[in-house]
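Just so it is clear: chains get the letters A, B, ... in the order the sequence lines come, proteins before strands, and each one is counted from 1. Quick caveat: nothing in here was measured; it's all calculated off a predicted structure.
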Amino acid sequence: MPLSRRRRARIIRGVQYGVLVVAVVVLALVADWHQLRTAFFDVEVAKALFPDIITTALLNTILYTLLGFGFGLALGLVLALMRLSSVPPYRWIAITYIEFFRGIPALLVFIALGFGVPLAFEVALDMNVTVMLSLGLVGAAYMAETIRAGIQAVPKGQTEAARSLGMSQGRAMVSIIIPQAFRIVLPPLTNELILLTKDSSLVYLLGLALNQFELANFGRDALNEHKSLTPILIAGLLYLVITLPLGQLVRRLEARTAKAR
Amino acid sequence: MSDVTTDRGAGGAEDAPAIDVRGLRKAFGELEVLRGIDFSVGRGEVVCVIGPSGSGKSTLLRCVNLLEEPSAGRVTVAGTEVTDPDVDIDRVRRRIGMVFQSFNLFPHLTALENLTIAQRRVLRRGRPEAERIGRANLERVGLGDKATAYPAQLSGGQQQRVAIARALSMDPELMLFDEPTSALDPELVGDVLAVMRGLARDGMTMLVVTHEMSFAREVADRVVFMDGGVIVEQGTPEQVVGAPSHERTRTFLARVLDPAAAEVGEVADDGAAGRRVDR
């Protein structure tokens, strides 16, 4: 007797689960748990990391991220407005900028800024400024496109209502359009913040002093010092301490937006 | 508030008509929506513009405060020619209140803030004065208790009344209404029309694009019937709505006043049903 469609689907799903379970069991049996435990869960090494990993590394990660995000957001807003401008050269500049910085790896931007700027202008920029510029320049390209989409998502009637009350184009933008646009793009901007948190690990390319280490670099340094992978695990967990609440925030914001529609 | 009054005086002669339109044409690409419009609205006059959808009546209204740039012709508002390339249009617009079909309240602001933002940012009134005027106007449209409500918490009729109050808070010399009740559920239309009736009684100059024939008949000093981008006829409501002299007017009125008797396709084509509300 041929199997019914539903029965056949159930059998196929059962086989899939079976394969998955077998794979996990085999991997668990093959792995050297003793080695793993000593490498990743060395309590003595973990203890040695504190409190520096919080007071220096975690704080630096947050500082670098916020610096880059703040600068990127401001520049992104300017770029978004240029991109929407009725003046063609502004549009061309914005498009060129966005395409350029979206298209090249952030890693190259960091190297170019870290070494190029001091060469070109014979100035030694403060590390925080360099970090802000590097992270912000790349982040701005993405945020500009997000903000532009947000501005365009505000209904045309809003501009018309503002203008018919005698507001200038600029005043209508500042008082009416941009506040609404930011509500719309809050979830994607928060995503951008999460991405920047992780990208802040690239600052090691700028050549950091010890007290400037952020999480990833701190972990890598401690790995060499202790010959243990435990710092990597701890650093990873601390990234999650930052990014998981942000992810939660994105979901809450999205739910709120969905409800408001 | 005093500097606003002097602004107005600078606008033009006191005896000039509120709106004067000469040879107005408007084309969107190939499509000619207005094909030579001449008409004027006197001070304190209430003029209703009726006509089938696509007749250009909304475009005419939007040319008065330059939300649409006329292709040709001259538009003068209270003595100020708005089509003059050197005119400061933002200054003229302060004196012209506009009410939209889709309300266009600012959703991120409370009802009261909707009324105060332009007073403060455009007229430079202080917060206490702006709020006092705002509250008075909310009271005037019967929504004194809704000052702290956000637009999303209000019904369509309430939103439209807030929109009217928002325009009034700028102390406009004239008001433009672009199908103010077309996006409303039938049972909410009455409140909005009542507010507009009150405005007309108070002597406000009003140019109203509408499908509410009873409102036009009862409130308008003059009714203008438009079709195909031209004014077909105009006159008192008794003349235009009561005893139209043109065949096109008669056909239109027959459809609007007795939709059941009209050909289905034609009616669906007309008015609010066909136009998308953009929110």
* How about B:R127: does its CZ atom have over 12 heavy atoms from other parts shown lying under 6.0 Å from it? -> no
* To do: Select one option (side chain, backbone, both, neither) describing which atoms of B:R166 are under 4.5 Å from chain A's heavy atoms.
  => both
* Give a yes or no on whether B:R120 atom CZ has more than 12 heavy-atom contacts from other residues, nucleotides or ligands under 6.0 Å away. => yes
* Asked: So which part of B:L67 gets closer than 4.5 Å to some heavy atom of chain A, the side chain, the backbone, both or neither?
  -> side chain
* Asked: If you check every heavy atom in residues 159-175 of chain A against those of chain B, which residues fall under 4.5 Å?
  -> A:E160, A:A161, A:A162, A:R163, A:S164, A:L165, A:G166, A:M167, A:S168, A:R171, A:S175
* Assess whether atom CZ of A:R252 is packed by more than 12 heavy atoms of other residues, nucleotides or ligands within 6.0 Å. => no
* Quick check: are there more than 12 heavy atoms from other residues, nucleotides or ligands sitting under 6.0 Å from CZ of A:F50? -> yes
* Look at atom CZ of A:F182 and say whether more than 12 heavy atoms of other residues, nucleotides or ligands are closer to it than 6.0 Å. => yes
* **Side-chain heavy-atom pair A:Q158, B:P107 within 4.5 angstrom cut-off** => yes
* Asked: Considering only heavy atoms, which portion of B:F100 lies under 4.5 Å from any heavy atom of chain A: side chain, backbone, both, or neither?
  -> side chain
